[in-house]
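Written out below as structure tokens is the structure these notes cover.
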Amino acid sequence: MQVNFFMKGTDSLVTKVSGELDHHIAKTIRTETDKRIIRGNVKNLVFDFTDLHFMDSSGIGLVIGRYKLVKSLGGNISIVCCDGCVNKILNMSGIPKIVSVYPSLTELPENA
Amino acid sequence: MNSLTSIKQINELKAEFLSKSENESFARMIVAAFIAPLDPTIEELSDIRTAVSEAVTNAIVHGYSEKRGNVYLECSSVGDTVTIIVKDYGKGIEDVAKAMEPMFTTNSDMERSGMGFTVMETFMDSIKVDSIVGVGTKVIMTKTIGKNRL
């Protein structure tokens with residue numbers, strides 16, 4: 001498991017999670033992502049799950065929690081995901097109804 | 001089918017580990033290795049790994065919450081049907097039916113989604129939960145591999 005953070009444009013933070021996302025790692029991702037959002041200069045959040053191959057319901061909790069935070073600050077949240085198994089659990093949770101999901105980072109709109 | 005191929009192969013495995021969150025991935029690895037000889041599809045493998053991850057996380061987060069204890073993982077297979085038992089001797093669940101409702105969580109501040117049992121129900125063929133307050137919880141799940149195979 002690996003988590004990387006980088007900026008896209010001037011105000012979008014990308015949290016890139018590789019490998020497997022479970023309860024054990026969700027806490028670290030949550031703390032590190034929130035720290036960067038609260039520090040300022042971040043409006044939108046992108047979860048890049050391109051290289052994620054496993055996710056359980058801890059990932060759902062993580063996304064919904066960040067959705068609430070980012071929305072409360074007036075920003076947007078997007079997900080990049082191409083793995084069938086990760087998509088299956090995302091779809092099951094209903095997250096795609098409230099968060100836009102893109103198949104690759106290059107397909108993200110400019111303002112995402 | 002001749003008499004040789006109609007004999008159902010059986011196998012069993014038991015593991016016991018401390019209720020530490022780093023053992024969640026260990027439990028998934030054990031189960032993946034156990035079912036590998038049954039030649040599951042990527043989706044079947046992922047479904048079972050996810051269900052096990054949910055059950056083990058529940059045992060660690062809810063069963064033992066603050067304290068440490070042992071989580072017991074038992075896998076068995078008869079032919080293509082896998083049974084997985086995840087057991088803890090933690091605090092138990094007061095109302096199992098309520099705990100199994102989608103989005104129900106006792107740990108909202110910890111950002112648990114409350115989807116654990118729903119995931120297990122959706123990804124496995126069957127699930128049974130036995131729990132006694134103050135004694136522990138046992139989750140029994142089954143799934144038949146290759147149901148959609150031609």
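Protein chains get the first letters and strands the later ones, always in sequence-line order, with residue 1 at the start of each. Remember, it's a predicted structure, so these values are computed and weren't measured experimentally.
Contacts of B:D47 with chain A are made by side-chain atoms alone, with heavy-atom separations under 4.5 Å and no backbone atom involved. For a residue to count as touching a neighbouring chain, one of its non-hydrogen atoms must lie under 4.5 Å from one of that chain's; by this rule B:R28 touches chain A with the side chain only. Proximity to chain A is absent for every atom of B:L45, based on heavy atoms less than 4.5 angstrom apart.
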- [ ] In sequence, state the C-alpha distance, the side-chain angles, and the governing distance for B:Y64 and B:Y89, and then conclude on ring-ring contact (aromatic ring centres under 6.0 Å, His included).
- [x] CA-CA 8 Å; B:Y64 292 114; B:Y89 291 104; 8.1 Å; no
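A:S78 is linked by a side-chain hydrogen bond (donor to acceptor under 3.5 Å, both in side chains) to nothing, counting only residues two or more places apart in sequence or in another chain. For A:N44, the side chain to side chain contact (heavy atoms under 4.5 Å, CB included) test picks out A:D11, A:S12, A:N76, with sequence neighbours left out.
A salt bridge is absent between B:K143 and B:E44; no separation between the charged side-chain nitrogens and carboxylate oxygens falls under 4.0 Å. Under 4.0 Å is where a charged nitrogen must lie from a carboxylate oxygen, and between B:D88 and B:K138 no such pair does.
No side-chain heavy atom of A:D83 sits less than 4.5 Å from a side-chain heavy atom of A:N87.
For chain A, the option among B:T50, B:I42, B:V56 with the highest count of heavy-atom pairs below 4.5 Å is B:T50. The candidate with the highest count of non-hydrogen atom pairs below 4.5 Å against chain A, out of B:E43, B:E22, B:K20, is B:E22.
Interface residues of residues 92-103 of chain A toward chain B, defined by a heavy-atom distance below 4.5 Å and sorted by number: A:M92, A:S93.
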Would you be so kind as to tabulate the donor-acceptor pairs closer than 3.5 Å made by side chains of residues 117-133 of chain B, with sequence neighbours excluded?
from	atom 1	to	atom 2	distance (Å)
B:T122	OG1	B:T118	O	2.6
B:D125	OD1	B:K147	NZ	3.0
B:D125	OD2	B:T144	N	2.8
B:D125	OD2	B:K147	NZ	3.3
B:S126	OG	B:T142	OG1	2.6
B:K128	NZ	B:D130	OD1	3.1
B:K128	NZ	B:D130	OD2	3.0
B:S131	OG	B:I93	N	2.7
B:S131	OG	B:G136	O	3.2
B:S131	OG	B:T137	OG1	2.8

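Enclosure of atom CZ in B:F26 is not indicated, since only 12 or fewer non-hydrogen atoms of other residues, nucleotides or ligands lie within 6.0 angstrom.
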